[in-house]
Amino acid sequence: MSERTKVRDSEQAQRERQRQITTGAEAVVAALEQAGVEDMFGVAGGAIMPFYDALYDSEISHFTMVHEQGAAHAADAYGIVSGEPGVASATSGPGATNLITGIADASMDSDPIIALTGQVETDFVGNDAFQETDTTGITRPITKENYFAGDSDSVGDTVSEAFALSRAGRQGPTLVDLPKDTTVGETDSQPAKPETPTTYDPPETADDGTVTAAADALERADRPVILAGGGVVKGEATDELRGFARKYEIPVITTMPGLGTFPETDDLSLGMAGMHGTGAANMAVTNCDVLLGVGTRFDDRLTGGVDTFAPDAEVIHVEIDPAEISKNIEADYPLLGDAKRVLDQLNDAMTDAPEADQWREQCQAWTEEYPLTYETPDDEPLKPQYVVETFDELADDDAIVTTGVGQHQMWAAQFWTYEYPRTWVSSNGLGTMGYGVPSAIGAKTAAPDTEVVTFDGDGSFLMTIQELSVAVRENLDITYVVLNNEAIGMVRQWQDGFYEGRRMASEYPWVPEFDKLAEAFGARGFRMESYEDVEDVIQRARAYDGPAVIDAIIDPAENVFPMVPSGGDNGLFALNETQL
């Protein structure tokens with residue numbers, strides 16, 4: 001019986017369920033329903049069982065995942081695509097600890113999720129009871145806030161607050177630990193509406209004087225550039241950023257989480273900057289004189305060496321979290337506030353566009369000088385870039401791309417054309433291998449009518465391949481493309497480039513045939529080995545109404561370029577192995 005189509009009680013019983021709360025567990029479910037939760041992901045177990053019993057009569061669709069890490073990643077992707085917090089649940093002890101990687105991932109990327117974990121009865125806490133773990137203690141460093149819900153009367157309010165806090169200000173994961181006596185305890189308390197604590201007051205608009213000074217700096221600029229980060233998407237500021245860039249004709253580069261904030265088909269787009277960014281983007285950031293960074297934390301994969309990042313630029317930093325201001329890159333004009341509101345402020349303060357005709361011409365020259373290219377010799381195996389580009393040409397314009405982590409992730413970022421926000425779903429900050437398979441499930445659940453394709457590597461795919469059974473069970477129309485080079489390719493690339501070719505534990509000559517393995521799961525399997533196969537296989541996989549897995553056998557020697565060595569100068573990117 002499908003999780004989504006299970007038989008419910010009578011309509012009368014449902015009405016009674018919605019109107020009556022008799023236990024803490026029912027209050028938790030009522031809080032989720034009141035928050036508008038329609039879907040969630042989890043794995044049941046002993047301590048969380050009262051919650052699951054209360055969930056039985058709810059209209060919330062529960063997706064039973066195979067492993068709790070899969071639940072966290074699916075919830076994470078659901079939050080990215082929908083803009084509303086994804087919900088993941090697990091039991092106490094190992095169930096809760098299996099969520100940790102996904103929670104940490106969401107924390108690094110500021111993704112909104114709420115985790116609900118079972119816990120032993122409060123009298124047993126601290127006594128090393130069966131499946132007891134200090135979940136709130138473990139997750140405190142990786143959550144925006146977490147709660148030990150020790151009272152049946154207030155547990156619904158706690159869940160409502162956790163939900164509201166996850167999506168407010170700088171988004172991120174929250175967690176509510178649910179002791180079993182709290183969820184089975186009697187209560188008739190209706191949960192409050194989702195609201196953040198009165199003490200939580202994220203900034204909305206930036207200081208007017210600093211805004212004016214930043215606008216003056218942009219107007220004076222000869223070589224301005226806009227750096228669009230993931231915060232543009234989280235802050236629903238895509239339209240404002242696009243309008244601002246086009247009005248003042250300022251070239252735009254993006255971070256990896258910012259893919260889709262500005263259409264890569266626009267003449268002002270220079271693509272992604274950073275370690276594997278485009279030559280044009282890295283040259284622009286290195287040579288600009290004013291950099292407007294919006295919703296970015298200036299992480300090390302973007303900046304390379306901080307001393308060589310935008311060395312001649314005045315930096316305007318639009319950011320909602322004060323902790324990020326001047327943390328990595330010194331901000332000359334800190335604009336603390338909501339990206340959408342601050343961009344409006346900045347637009348209102350501008351009186352003229354910068355005179356940057358020569359700069360735009362130079363940026364266009366860099367685009368032509370450093371295109372993303374690759375060779376396809378007849379005597380070498382299939383190139384992964386060709387697979388990504390061909391799929392991009394065949395896919396819907398608004399298709400959602402999810403990835404695992406590794407070389408395949410970089411090729412998917414480089415060779416797919418991103419035009420819309422919330423179409424790039426990846427583990428950007430934590431770099432979690434195994435993210436691809438479950439994230440596609442979350443993305444497809446959030447956007448059931450949108451095409452979803454996952455690019456994964458053989459190593460990353462193997463880490464969470466069990467979740468393919470969920471996609472089969474729910475008949476989710478997802479195309480998984482395994483760029484199979486029989487290696488943890490990025491580790492192998494670094495070993496060849498920086499460790500004199502000593503390939504320790506990076507080669508995987510023992511990987512299974514993924515097309516056949518997909519069939520064993522009940523999915524449709526395809527194999528791709530030559531350029532003649534590519535378009536036909538992709539179209540057949542896309543045509544299949546359900547989960548399809550393409551085992552794409554690619555050149556095992558192919559590497560990701562351009563590349564800026566860790567801590568290096570973005571303006572000195574390498575285009576091949578000999579330049580490292």
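The structure presented is a predicted model; accordingly, all values stated were derived computationally and were not measured.
- One side chain, Ser530 or Glu532, offers a donor N or O that lies under 3.5 Å from an acceptor on the other.
- Under the 4.5 Å side-chain criterion, counting only non-hydrogen atoms from C-beta, Leu165 is not in contact with Ile114.
- For Ser427 and Asp105, the side-chain atoms include at least one donor-acceptor pair closer than 3.5 Å.
- The side-chain heavy atoms of Val232 and Glu240, taken from C-beta on, include no pair separated by under 4.5 Å.
- Gln407 and Asn485 form a side-chain donor-acceptor contact under 3.5 Å, judged by distance and modelled atom types alone.
- In terms of modelled atom types and a separation under 3.5 Å, the side chain of Ser439 and the main chain of Gly436 share a donor-acceptor contact.
- Distance check: Gln364 CD to Glu368 CD gives 4.5 Å after rounding to the nearest 0.5 Å.
- For the pair Val560/Met490, a side-chain contact is recorded, criterion being any heavy-atom separation below 4.5 Å from C-beta on.
- The shortest side-chain heavy-atom distance between Leu292 and Val318 falls under the 4.5 Å cut-off.
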Scan the side chains in residues 540-549 for donor-acceptor partners under 3.5 Å anywhere in the protein, sequence neighbours excluded, and list what turns up.
residue : atom : partner : partner atom : Å
Arg540  : NE   : Asp536  : OD2          : 3.1
Arg542  : NE   : Glu451  : OE2          : 2.7
Arg542  : NH1  : Leu394  : O            : 3.0
Arg542  : NH1  : Gln539  : OE1          : 2.9
Arg542  : NH2  : Leu394  : O            : 3.4
Arg542  : NH2  : Glu451  : OE1          : 3.1

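- Within the 3.5 Å criterion, the main-chain N or O of Leu302 finds a donor-acceptor partner in the side chain of Asn570.
- Inter-residue side-chain proximity for Ile553 and Met528 is flagged as unmet; no heavy-atom pair is nearer than 4.5 Å.
- Residue-environment remark: CD (Glu380) exceeds the threshold of 12 foreign heavy atoms within 6.0 Å.
- Dense packing is recorded around CZ of Arg527, with more than 12 heavy atoms of other residues, nucleotides or ligands lying under 6.0 Å away.
- Interatomic distance, CG of Asp76 versus CD1 of Ile113, reported as 6.0 Å (0.5 Å rounding).
- The closest donor-acceptor contact from the side chain of Ser460 to the backbone of Asp456 lies at 3.5 Å or more, if one exists at all.
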Taking it one step at a time, do Gln385 and Leu372 satisfy side-chain contact (heavy atoms from CB on, under 4.5 Å)? CA-CA 10 Å; Gln385 303 94 323; Leu372 289 172; over 6 Å; no
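- The existence of a salt bridge linking Glu236 and Lys340 is excluded, since no basic side-chain nitrogen approaches an acidic carboxylate oxygen closer than 4.0 Å.
- Taking the six-membered ring where the residue is Trp, the centroids of Phe415 and Tyr374 are separated by under 6.0 Å.
- For Thr278 (side chain) and Leu270 (main-chain N/O), a donor-acceptor pair under 3.5 Å exists by modelled atom type.
- With sequence neighbours excluded, the residues satisfying salt bridge (Lys or Arg N to Asp or Glu O under 4.0 Å) with Glu513 are Lys516.
- Using modelled atom types, one side-chain atom of Arg473 and one backbone atom of Thr64 make a donor-acceptor pair closer than 3.5 Å.
- For CG of Asp267, the number of neighbouring non-hydrogen atoms (other residues, nucleotides, ligands) closer than 6.0 Å is 12 at most.
- One distance of note links CG of Asn559 with CZ of Arg492; it measures 4.5 Å at 0.5 Å rounding.
- A donor-acceptor pair is defined here as one N or O able to donate and one able to accept, closer than 3.5 Å; no such pair exists between the side chain of Gln171 and the backbone of Ser166.
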Apply the test side-chain contact (heavy atoms from CB on, under 4.5 Å) to residues Thr454 and Thr403: give CA-CA distance (whole Å), side-chain angles for both, the deciding distance (0.1 Å), then the verdict. CA-CA 5 Å; Thr454 296; Thr403 78; 5.8 Å; no
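- Ile488 is listed as a side-chain neighbour of Met433, based on a closest heavy-atom distance under 4.5 Å.
- Qualifying salt bridge (Lys or Arg N to Asp or Glu O under 4.0 Å) partners for Glu486, counting only residues two or more places apart in sequence or in other chains: none.
- Looking at Pro384 and His408, their side chains never come closer than 4.5 Å, going by heavy atoms from C-beta outward.
- The number of heavy atoms from other shown groups lying within 6.0 Å of CG (Asp379) is above 12.
- Thr261 and Thr238 share no side-chain donor-acceptor pair at under 3.5 Å.
- Lys144 contributes a side-chain N or O that, together with a main-chain N or O of Arg170, makes up a donor-acceptor pair within less than 3.5 Å.
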Under the ring-ring contact (aromatic ring centres under 6.0 Å, His included) criterion, do Phe455 and Tyr480 qualify, and how do the steps go? CA-CA 6 Å; Phe455 289 102; Tyr480 292 99; over 10 Å; no
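- The closest side-chain heavy-atom distance from Phe163 to Val159 is not below 4.5 Å.
- Residue Pro556 comes nearest to Pro381 through the heavy atom pair CD-CG, 4.4 Å, listed as atom of the first residue, atom of the second, then distance.
- Among residues at least two apart or in separate chains, ring-ring contact (aromatic ring centres under 6.0 Å, His included) pairs with a member in residues 422-442 are His73-Tyr435, Tyr418-Trp424.
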Using the side-chain contact (heavy atoms from CB on, under 4.5 Å) rule, take Phe561 and Leu575 through it: C-alpha gap first, then chi angles, then the decisive distance, then the call. CA-CA 6 Å; Phe561 288 98; Leu575 296 174; 5.6 Å; no
Check the pair Leu227 / Phe298 against side-chain contact (heavy atoms from CB on, under 4.5 Å), numbers first and verdict last. CA-CA 10 Å; Leu227 173 65; Phe298 292 108; 3.6 Å; yes
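- Between Arg297 and Gly429, the shortest heavy-atom contact is NH2-CA, 3.6 Å.
- Residues that satisfy the salt bridge (Lys or Arg N to Asp or Glu O under 4.0 Å) test with Lys234, not counting sequence neighbours, are Asp111.
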Would you please test Gln409 and Ser426 for side-chain hydrogen bond (donor to acceptor under 3.5 Å, both in side chains) and show each step? CA-CA 8 Å; Gln409 178 190 30; Ser426 193; 2.8 Å; yes
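- Sorted by first then second residue, the ring-ring contact (aromatic ring centres under 6.0 Å, His included) pairs that include residues 235-269, not counting sequence neighbours, are Phe244-Tyr248.
- Taken from CG in Asp39 to CD1 in Ile60, the straight-line distance is 9.0 Å, to the nearest 0.5 Å.
- Considering CG of Leu175 and CG of Leu116, their distance stands at 7.5 Å, rounded to 0.5 Å.
- The two residues Asn428 and Asp109 come nearest to each other via the heavy atoms N-OD2, 3.0 Å.
- Glu558 and Lys383 are joined by a salt bridge, as a carboxylate oxygen and a charged side-chain nitrogen come within less than 4.0 angstrom of each other.
- Separation of atoms CG (Asn98) and OG1 (Thr101) is listed at 8.0 Å; rounding is to 0.5 Å.
- Salt bridge annotation for Arg524-Asp515: absent, with no cationic side-chain nitrogen under 4.0 angstrom from a carboxylate oxygen.
- No donor-acceptor pair closer than 3.5 Å links the side chain of Thr423 to the backbone N or O of Ile400.
- Although no hydrogens or angles enter the test, the distance criterion places a donor-acceptor pair under 3.5 Å between the side chain of Glu467 and the main chain of Val66.
- Between the side chain of Ser107 and the backbone N or O of Ile103 there is no donor-acceptor pair closer than 3.5 Å.
- When all heavy atoms of Ala104 and Ile142 are compared, the pair lying nearest together is N-CD1, 3.9 Å.
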